2 protein chains.
Amino acid sequence: MSITIREVAGAAGVSQATAARALSDYGSVSPAARERVLKAAAELGYEPNRIAQALRSGAAKVISFVPGNIDVPFFARAAHILADRLERAGFVLMMASSYENLERERSIVEAMRSRMTSGLVIAPTSSQDSVHLVRLHEAGTPVVSIDRSLADVGIDSISVDNADLSMQATQHLISLGHERIAILYDSDDIDSSAQRVAGSRAALEDATVRGSLLPVRGGMTLESAITAFVSAMQGPDRPTAVLAADSMMTEAALYGIRALGLRIPEDISVVGVDDHSLTPLLDPPLTLMSQPVDAISNGAVDLMLSRLTGSGPISTRHVQLRATLVVRSSTAAPSL
Amino acid sequence: MSITIREVAGAAGVSQATAARALSDYGSVSPAARERVLKAAAELGYEPNRIAQALRSGAAKVISFVPGNIDVPFFARAAHILADRLERAGFVLMMASSYENLERERSIVEAMRSRMTSGLVIAPTSSQDSVHLVRLHEAGTPVVSIDRSLADVGIDSISVDNADLSMQATQHLISLGHERIAILYDSDDIDSSAQRVAGSRAALEDATVRGSLLPVRGGMTLESAITAFVSAMQGPDRPTAVLAADSMMTEAALYGIRALGLRIPEDISVVGVDDHSLTPLLDPPLTLMSQPVDAISNGAVDLMLSRLTGSGPISTRHVQLRATLVVRSSTAAPSL
DNA sequence: CTGTTAGCGCTTTCAT
DNA sequence: ATGAAAGCGCTAACAG
C-alpha cells in the first residue's frame with residue numbers, strides 16, 4: 001500500500017487534520033507546521049489518494065469526454081486539446097465514445113457519474129433525448145455540449161454554425177455555376193446534419209439562379225454511405241457537384257466517385273468537411289469546409305473551467321463559431 | 001444526492017450487508033430476500049457508488065490507456081477497440097496521451113494510480129526509463145505495453161515485429177531494383193524506430209546486390225521531419241526510394257517530395273507505414289506496411305483481462321505480430 | 001442465511 | 001492554530 005496522510009502527519013509530528021490542511025492548502029496552518037508537513041510528505045513520497053478525496057469531497061477531479069467516435073479526426077483532435085488543457089488545470093480526462101448510440105451514451109454517462117466525474121464534455125448523440133444529461137447537470141455537475149447543441153435544456157454548448165457552414169459551401173458551388181447539387185449526410189436524427197441540409201437548401205433558395213438540391217441520406221457507416229451515394233448518382237440528371245456533410249461522408253463520396261469512374265472536378269465537383277493532414281495530398285487536393293476544432297475545444301474547456309469554479313455567466317451559453325472555406329482543386333465550373 | 005445501498009436495504013427490510021450481498025451477488029442470500037432487494041433497488045433507481053466501492057475494495061474498475069499521441073490513427077483506432085471491449089467487461093477506459101514526453105507520462109501514470117486504476121495499457125515513451133511502470137506493476141496492477149516493448153522488466157507486451165516490418169518493406173524495394181534507399185524515422189531513442197532502421201539495414205546486407213541505406217532522422221514534429229528529409233534528398237546520389245518508418249514520417253515524406261517537385265514513383269518510390277482510410281485515395285495510392293492494429297489491441301485486452309482475473313500465464317508474455325505489405329502504386333522500378 | 005461492526009483515506013466541523 | 005472525532009458509501013470479517 002502507499003503512504004497515507006496519517007503517516008505524513010506522524011512523521012511531521014502533527015495531527016492528521018493539520019497535515020491535510022497543509023497539503024491541500026486550506027484553513028490555517030502555522031508556517032512552521034506547514035513546512036514540516038511538506039517536508040515529511042516529500043521525503044515519504046506521499047501521493048494523495050484521489051479516490052478517498054473524491055468520496056469525502058464529492059468530486060474526483062476527473063472530466064469526462066464522450067465524443068461520437070474517437071476515430072473521427074475532429075474528435076481525436078478535440079480529445080488532444082481537452083486532455084492537454086484540463087490536465088494543466090489538475091484534472092484527468094476520462095473518455096469513452098458513444099459511437100452514436102443513445103443507449104450506450106446513457107450507460108457511459110452513468111458510469112462516469114457513479115465515478116464522481118467533476119464535469120462532462122459531450123457530443124450528444126440525440127438532440128431530443130437528453131434527460132440523462134439534464135439530470136446530471138441539475139445535480140450540479142457542469143455539462144458542456146460540443147459540436148452539437150441540445151434542445152433548450154439549459155446546457156452550455158459550443159459548436160460550429162452548421163447552417164452557415166453548408167451555406168458557404170453551397171454558395172461556393174453556385175458561384176462556380178453548379179445548379180444540380182447533391183448533399184450527402186448521415187442521418188436526419190443528428191441535429192447538426194439536419195442543419196447542414198437546411199443550410200444548403202437555404203443557399204439554393206437565396207440564389208438568383210434556380211438550382212436544385214438532392215439530399216442523399218448515407219446512414220451511419222461508410223459502406224452504407226458509399227452505396228447510397230453511388231445509387232443516387234446513377235439516377236437521371238446527375239448532380240454536377242456534391243457537398244459531403246462530414247468527414248465520413250467525405251470519404252464515402254470520394255470512394256463512391258472512384259467506383260463510378262468519375263473524374264474530379266471534370267465530371268463532378270466535391271466539397272468535403274474537416275481538414276486532415278492528408279487532404280491536401282489527395283488527388284486532386286480537396287476543397288473543404290474547415291471546422292475550428294481548436295477554438296471549439298478551447299472554448300469548451302473555458303466554459304467547463306468557469307462552471308467548475310462558479311465564475312461563469314449565470315445564464316446558459318450557446319456559442320457558435322464559423323467554419324471557413326478552403327478552396328483547393330476538387331471544385332470547378334461544371335462542364336457543359 | 002443519489003440513492004445509497006442503505007436506503008435500498010431499508011426499503012427491502014433487510015440489513016445493509018444483505019442488500020450488498022444481493023446486489024453484488026456474493027455470499028449467500030435467500031431467494032426471497034434477494035428478490036426484495038433487487039426490486040427495491042430497481043424501484044429506487046439505485047446505482048452503486050463506484051468511488052466508495054473502489055475505496056473499500058482497492059480497485060475502481062477503470063482501465064487506463066496512455067498512448068503516445070491520440071491523434072495518430074494507430075492509437076485512435078486502438079483506443080476505439082480497447083474502450084469497446086473493456087466496456088463490455090465492465091470497465092471504463094480512462095485515457096491521456098503522453099505526447100512522447102517522459103515527464104508527462106510519469107505524471108499521468110501517477111494520476112491514474114492515485115485513482116486506483118485496475119490496469120494500465122501503455123505505449124511507453126522510453127524503453128529505458130520505466131521504473132514508474134515497474135513499480136505500478138509490482139504493486140499488483142497489471143501493465144500491458146502496446147506498440148513498443150520494454151527492456152526486460154517483466155511487463156507483458158504486444159507489438160508488431162519492427163525489424164521484420166522494415167525488412168519486408170526494404171526487400172520489396174530491392175526486388176524492384178532499388179539500390180539507394182532512404183529510411184525516414186523519428187528518433188533513435190524510440191525503440192521501435194531503432195528496430196526499423198536496423199531491419200532495413202539487415203535487409204540490404206542480406207541482398208545479393210550491394211545497396212546502400214541512407215538513414216534520415218526526422219525528429220518529433222512533422223515540420224522537422226519535412227526539413228530533414230528535403231535536405232537529405234538534395235545531397236549527391238539521391239536515393240531512388242524512401243521508406244517512411246511511421247505514419248508521421250509518411251506524411252513528412254509525401255510533403256517533402258511535393259516540395260522538391262519530385263514525381264512518385266517515377267523519380268522516387270515511397271513505402272509508408274500504417275493504413276488509413278485516405279491512403280488509397282492519395283496520388284498515387286500509397287504502398288505501405290499495414291500494422292495489425294486490431295490484433296494488437298484485442299491481444300492487449302486479452303492479456304489485460306487474463307491478468308486481471310489471474311487466469312493468465314505466470315510468465316511474462318511478449319507477443320510480436322507481423323505487419324503486411326500492401327502494394328499500391330507509389331513504388332516502381334527506379335528509372336535509369 | 002443474516003445482522004453487527006469495523007474500517008478504506010480523506011475532509012471537515014467542532015472544540016479547544 | 002490545532003486536535004479529536006465523525007463519516008462519505010461501500011465491503012468484508014465475524015458472530016449468531
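Chain naming here is simple, since letters A, B, ... match the order of the sequence lines and numbering starts at 1 in each. On a predicted model such as this, the values are computed, not experimentally measured, just so you know. Quick note: numbers below take in every heavy atom, side chains included, and nothing from hydrogens, waters or symmetry partners.
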Separation of atom CG in Leu23(A) from atom P in dT11(C), rounded to whole Å: 8 Å
Side chain of Thr4(B): nearest nucleotide among dA1(D), dG9(D), dC8(D)? dG9(D)
Here the distance between atom P of dT11(D) and atom CG of Asp25(B), to the nearest Å, is 12 Å
Could you check Arg6(A) against Gly13(A) and say which one's nearest nucleotide on DNA chain D is further toward the 5' end? Gly13(A)
Would you please confirm or rule out a distance under 4.0 Å between OP1 or OP2 of dC10(C) and any side-chain N or O of Gln53(A)? no
Taking side chain as C-beta onward, heavy atoms only, is Met95(B) less than 4.5 Å from Ser64(B)? no
Salt-bridge present (Glu35(A), Lys39(A); N to O < 4.0 Å): no
Within this structure, what is the CZ-to-C1' distance between Arg115(B) and dC10(C), rounded to whole angstrom? 14 Å
Examine dT2(C): is either OP1 or OP2 under 4.0 Å from a nitrogen or oxygen in the side chain of Ser28(B)? Give yes or no. no
What is the separation between atom CG on Leu44(B) and atom C1' on dG9(D), rounded to the nearest whole Å? 16 Å
Heavy-atom neighbours of Arg106(B) CZ exceed 12 at 6.0 Å: yes
Return whichever of Arg34(B) or Ala52(B) has its heavy-atom-nearest nucleotide of DNA chain C closer to the 5' end. Arg34(B)
For Ala17(B) and for Glu47(A), locate the closest nucleotide of DNA chain C by heavy-atom distance; then report the residue assigned to the nucleotide nearer the 5' terminus. Ala17(B)
Check whether any side-chain nitrogen or oxygen of Ser30(A) sits under 4.0 Å from OP1 or OP2 of dA1(D), and answer yes or no. no
Measuring from the side chain of Val14(B) (C-beta onward, heavy atoms only), which nucleotide among dG7(C), dT11(C), dG3(C) has the closest atom? dG3(C)
Residue pair Arg307(B) / Asp156(B), side-chain heavy-atom distance below 4.5 Å: yes
Whole angstroms only, please: what is the CD-P distance between Gln16(A) and dA5(D)? 12 Å
At less than 4.0 Å, is any side-chain N or O atom of Ser24(B) found next to OP1 or OP2 of dT11(D)? Yes or no. yes
Options dC10(C), dG9(D), dG3(D), nucleotide nearest the side-chain atoms of Asn49(A): dC10(C)
Side-chain donor/acceptor contact of Arg21(A) with base of dG3(D) under 3.5 Å: yes
For Ile3(B) and dC8(D), give me the distance from atom CD1 to atom C1', rounded to whole Å. 16 Å
Okay, side chain of Arg36(A), backbone of Ala12(A): is any donor-acceptor separation there less than 3.5 Å? yes
Nearest-neighbour nucleotide for the Ser15(A) side chain, dT2(D), dT11(D), dC10(C) considered: dT2(D)
Quick one: Met116(A) CE to dG9(D) P, roughly how many Å, whole number? 7 Å
Strictly below 4.0 Å: does Tyr46(A) bring a side-chain N or O up to OP1 or OP2 of dC10(C)? yes
Under 4.0 Å, counting only non-hydrogen atoms across every strand here, what does Leu55(A) touch: a base, just sugar-phosphate, or nothing? base
Quick one: does Thr4(B)'s side chain have a donor or acceptor within less than 3.5 Å of a partner on Arg6(B)'s backbone? yes
Return the 5'-most residue of the pair Ala33(A), Ser57(B) with respect to DNA chain D, ranking by each residue's nearest nucleotide. Ala33(A)
Between Arg56(B) (CZ) and dG7(D) (C1'), how many Å, whole number? 15 Å
